[in-house]
Asker: 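Pasting a structure here, questions to come.
Just so you know, these numbers use all the heavy atoms, side chains as well, and skip hydrogens, waters and symmetry mates. Order of the sequence lines fixes the chain letters, A, B, ..., with proteins taken first and strands second; residue numbering starts at 1 for each chain.
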Amino acid sequence: MDAPFPSGLPFPTAAYLVLYLVTLWVHIAFMNYVLAGSATLAAGLVVGGRAAKEHPICALLRDWMPFMLSAAITAGIAPLLFLQVLYKEQFYTANLLLFFRWMAILPALILGFYLGYLLKKEPAPGRGRGGRIALGIAVFACFAFVGWSWVENHLLSVQPEECWKEHYVSGAHLYASPELLPRLLLWFVAGFPTMALMVGWQLWDRGRRGKGDPADGARAGSAIGLAGVVVSALWAWRYFYLLSDAAQKIVSGPAGRLYLLLSIAGGAIELVAFAALLRRGRWSPGWLALGSAGLVANFVGTGVMNETIRLVTLDGTVGLPLLFARHAASWKVAGFPVFLFFLALNVGLMAFCVRRVRRLPN
Amino acid sequence: MNPPYYPVSDFGPMMKGMVIGGLGIVHVFLAMFAIGGGLLMCYFQWLAQTGRSPNARRFVDGYFKALVLISFVVGAVTGVAMWFVSIQVSPRTIGMMVEEFHWVWGIEWTFFSLEITAGYCFYRCSARLPDRDRLLLLGIYSAASWFSLFWINGILTWQLTPGDWSRTREVWSGFFNPGFLPSLLFRTVTAMTVASLAACVVINTMADLDRAARKALINKAAHFLFPMAAMPFLSAWYFGTMPEDSRRMVFGGSIVMTLFMGLATGASLLIGLYAGFALLLKRLYINGATATLLVALSFAATAGGEFVREGVRKPYTVREALYSTSVAPEEVTRLRAEGCVARDPYPLRDAANYPNDQVRLGAKVFRFHCNVCHTMDGANALRHLAGDWTPVQRRMNIAQLQRTKTFMPPFSGTPEELEALVRLIEWATAGRPREWPVSTDREDWPEGRRRIRAWLDEAGVAPGFLKPGERR
């Protein structure tokens, strides 16, 4: 594990990791929209009252939240699949140990979806503001719970067998780790720049199609994105020192350095793009594209670092040769070309569907 | 090779099959609704744009809303839930399915993503779309949802009828297995039936239409009930592909399976008769209450059918590859020599509640060997099943488990482990006293051990449904 990803890894492991990461990034984009978007909506309801309700960002988030959740769930299936191929024993064990607590994410998602629809509906005249606030907070709480559960599951999955045994005997359905809250917070704050960029593209597109003004929500959106980048960068720096010595070493060593730099560079590019958008006070495709390029660089850097840390951690428990041998055995299973064919075909058809409805008159 | 050991979850008085079965039935029903719904809406859109039904377009928009609200998230989440519950019930089984079919699952995901994309495009823009584009999007949506079924169906039927895969271990021979086609066609007909009946409920909610207009729509929706006529032939074909022992279970070998099969058949027959005479022949109007009742009947039919499909796989979860105990057939001999829990790293959660080490060992054997289908005191409890047997009968029946009931897997442990399990059952049946003698300390234990070993050897490690000449 001394060379930067993917060199130094056997081909099957690298291939599955690439598939896992690429599909995970798509999922994370939607997931960030849902998590940061529901937090923005809840905050708007609490502090902003009617003004926040009519704000273009809040109106857009309310309108798109159910779809984005559906997209996040759908996009989450593929990384869930490749996660099982890569780290089957670890993932299954964490699932089993957390048991009901883990499975509770399913009703939470369903509840969040339907409450999101309620939030989308205009309230009946005379209905109190308190109810709307409670609704907004409940939607956010559902998604925050899911995020917390995933972080908990991940942290438990990379523990050694001794820890699993202790956890099992204790019968606890919660896994408390000093890393839990910092990691969850990092995920949470890092979601805001993604959400701000996606919202920015949506509002820019609306303005372009004459459905709104290109300035709609630009200052607030880019301020949210800017704040998200700054806070997540500071928090990531703090989080780095919470990692184990081995993890710190791998991140700052030859294997992780390239991706650490990529992640920092990505964040810096996003920062510049958001600052420019804030100054201009209008959504601009050029700055949005630059910000999105920064986001992609940040996703790639962070995602690869995360997996490198996981592999180093598992090297100390199950041993990488065993893990690599399992990946090699999985890779022998036929079907990859057929998967690629249908992936290309169906992505093409999805693009076709979207194009078909986008060319409609308003 | 040793089986992987996972921490075992306990659902209390519920047997795990009830949990996964209950969830599975809901998920399958929603999936059928989504698949059949797509086909039905294509049909109605075609009726609308060819001027054959003036209200068909309004129906499509109303029905699609129900589809999106129910199916897109609850359907997707229950699908993920199936995955998570499968991990809770048998991580090795789901692990094997992922291992063998991860590319197929990946392909299914691409179709599911297309289904959601086309569906949402239609949902958000259908009011502004010209007819040609409406039909196009609905066509893509329904084709994608049907292909989702196509891919998943191959994996599910592989579990019961793996065909040549057992010999070649080649993915496509496992996927296009003997049960694949009849099951795919049967499920397609089921999906059309569910969609048609759900349509009758939705049409009854269209209060702004008069009764004649609603009746006209119902008559059109009933066209999707025609394929039900093929159900008996498709079921016969499907049963024909089943292994003989599984078929025997359905037709009397296991009364539970027979009863659930009766439920599925009876409910389908009632729907078929109503559809045939009332809706298709007499072209009667059907009100909301009756339509809802018919949907409930179709749910019962789905429940019965899915229960049987899951149940007749026993003693395997993957035919000839993995027993329901998550032990591979080739591992049984070794586990009988070395012990099935000797390498289990997970201690008991409630070790202090047991009176001695022998009963504690029995609890670990129960957890490894029995917990997946049985509880100790709740549903399908060992205490109820084996508590009243005589001591000799208990030892012999468990040692020759696959002969006691042919849908049970062979016992995969040492005589000491078997004795420990027996003592656990006896202790639980006796009301869990604080003091409990250890049977392996008794003078006659060597003789008892010899007898258990002889019973185990006599039963062998092959499944019980094989005839003597077929046992290896």
Asker: Measure B:F84 against the heavy atoms of chain A and call it side chain, backbone, both or neither at under 4.5 Å.
Answerer: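 Its backbone and side chain both get close to chain A.
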
Asker: With a 4.5 angstrom heavy-atom cut-off, could you sort out which part of A:R326 is near chain B: side chain, backbone, both or neither?
Answerer: backbone

Asker: At a heavy-atom distance under 4.5 Å, which candidate from B:L137, B:V8, B:V68 has the highest pair count against chain A?
Answerer: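 Most pairs with chain A among the choices: B:V8.
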
Asker: Show the nearest heavy-atom pair for residues A:Y92 and B:G95, with the distance to one decimal.
Answerer: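 Answer, listing the atom of A:Y92 first, then B:G95: OH-CA, 3.5 Å.
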
Asker: Please flag which part of A:A71 lies under 4.5 Å from any non-hydrogen atom of chain B: side chain, backbone, both or neither.
Answerer: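 No part of A:A71 comes within 4.5 Å of chain B.
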
Asker: Select, from B:E108, B:E170, B:Q88, the one with the greatest count of heavy-atom pairs under 4.5 Å involving chain A.
Answerer: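 Counting heavy-atom pairs under 4.5 Å, the top option is B:Q88.
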
Asker: Checking heavy atoms, do the side chain of A:Y168, its backbone, both or neither come under 4.5 Å from chain B?
Answerer: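 Both the backbone and the side chain of A:Y168 come within 4.5 Å of chain B.
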
Asker: If we define contacts as heavy-atom pairs under 4.5 Å, which of B:V77, B:I94, B:V171 has the most with chain A?
Answerer: B:V77

Asker: Is B:D10 close to chain A through its backbone or its side chain, or both, or neither, when contacts mean heavy atoms under 4.5 Å?
Answerer: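 Contact with chain A is through the backbone of B:D10 alone.
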
Asker: Where does B:R124 contact chain A at under 4.5 Å (heavy atoms): side chain, backbone, both or neither?
Answerer: side chain

Asker: Near B:K65 NZ, under 6.0 Å, is it more than 12 heavy atoms from other residues, nucleotides or ligands?
Answerer: no

Asker: Side chain from CB out, backbone as N, CA, C, O: work out which of these in B:E115 comes under 4.5 Å of a heavy atom of chain A, or both, or neither.
Answerer: neither

Asker: Please enumerate all residues that pass side chain to side chain donor-acceptor pair (under 3.5 Å) together with A:W201, with sequence neighbours excluded.
Answerer: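 A:W201 satisfies side chain to side chain donor-acceptor pair (under 3.5 Å) with A:S292 once adjacent residues are dropped.
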
Asker: Please answer whether the main-chain N or O of A:A78 pairs with a side-chain N or O of B:W105 as donor and acceptor at a distance below 3.5 Å.
Answerer: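 Here the side-chain-to-backbone pair does not exist.
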
Asker: Quick one: CZ on A:R359 to SG on B:C125, what's the gap to the nearest 0.5 Å?
Answerer: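 A:R359 atom CZ to B:C125 atom SG measures 12.0 Å (nearest 0.5 Å).
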
Asker: Atom OH of B:Y120 and atom CE of A:M68: how far apart are they, to the nearest 0.5 Å?
Answerer: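 Separation between the atoms: 10.5 Å.
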
Asker: Quick check for you: among A:T74, A:L69, A:V357, A:L109, which has the greatest number of heavy-atom pairs under 4.5 Å with chain B?
Answerer: A:T74

Asker: Tabulate, in ascending numerical order, the residues of residues 154-167 of chain A having at least one heavy atom closer than 4.5 Å to a heavy atom of chain B, or enter 'none'.
Answerer: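 When heavy atoms of chain B are the reference, residues 154-167 of chain A contributes A:E161, A:W164, A:K165 within the under-4.5 Å range.
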
Asker: Among the options B:T78, B:V104, B:D350, B:V74, pick out the one with the most heavy-atom pairs lying under 4.5 Å from chain A.
Answerer: B:V74

Asker: Could you check A:K88 against B:V98 for side chain to side chain contact (heavy atoms under 4.5 Å, CB included), going step by step and ending with a plain yes or no?
Answerer: CA-CA 9 Å; A:K88 186 165 55 190; B:V98 168; 5.8 Å; no

Asker: With a strict 4.5 Å heavy-atom criterion, list every residue of residues 332-354 of chain A that contacts chain B, or say none.
Answerer: A:V333, A:A334, A:G335, A:F336, A:V338, A:F339, A:F342, A:L343, A:N346, A:L349, A:M350, A:F352, A:C353, A:V354

Asker: Check each atom of A:T23 against the heavy atoms of chain B and say whether the ones under 4.5 Å are side chain, backbone, both or neither.
Answerer: side chain

Asker: Between chain A and each of B:I140, B:L136, B:L348, count heavy-atom pairs under 4.5 Å; write down the option with the most.
Answerer: B:L136

Asker: Could you give me the CA-CA distance, side-chain angles and deciding distance for B:I87 and A:F91, then say whether side chain to side chain contact (heavy atoms under 4.5 Å, CB included) is met?
Answerer: CA-CA 10 Å; B:I87 292 170; A:F91 180 63; 4.0 Å; yes

Asker: Could you have a look at A:T93, A:L19, A:I105, A:V85 and say which one has the most heavy-atom pairs with chain B under 4.5 angstrom?
Answerer: A:T93

Asker: B:Y123 versus chain A, heavy atoms under 4.5 Å apart: side chain, backbone, both or neither?
Answerer: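 For B:Y123, the contact with chain A is made by the side chain alone.
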
Asker: Using a cut-off of under 4.5 Å for heavy-atom pairs, which of B:V80, B:I116, B:D133 has the most such pairs with chain A?
Answerer: B:D133

Asker: List the steps, then state whether side chain to side chain contact (heavy atoms under 4.5 Å, CB included) holds for B:H102 with A:Y16.
Answerer: CA-CA 11 Å; B:H102 54 281; A:Y16 282 124; 2.6 Å; yes

Asker: According to ring pair (Phe, Tyr, Trp, His ring centres under 6.0 Å), who are the partners of A:F143, at least two apart in sequence or on a separate chain?
Answerer: none

Asker: Pick one of side chain, backbone, both or neither for A:R355, based on which atoms fall under 4.5 Å of a heavy atom in chain B.
Answerer: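 Looking at A:R355, nothing touches chain B.
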
Asker: Should A:N95 and B:W83 be marked as a side chain to side chain contact (heavy atoms under 4.5 Å, CB included) after you check the CA-CA gap, both sets of side-chain angles, and the distance that decides it?
Answerer: CA-CA 11 Å; A:N95 274 243; B:W83 222 329; over 6 Å; no

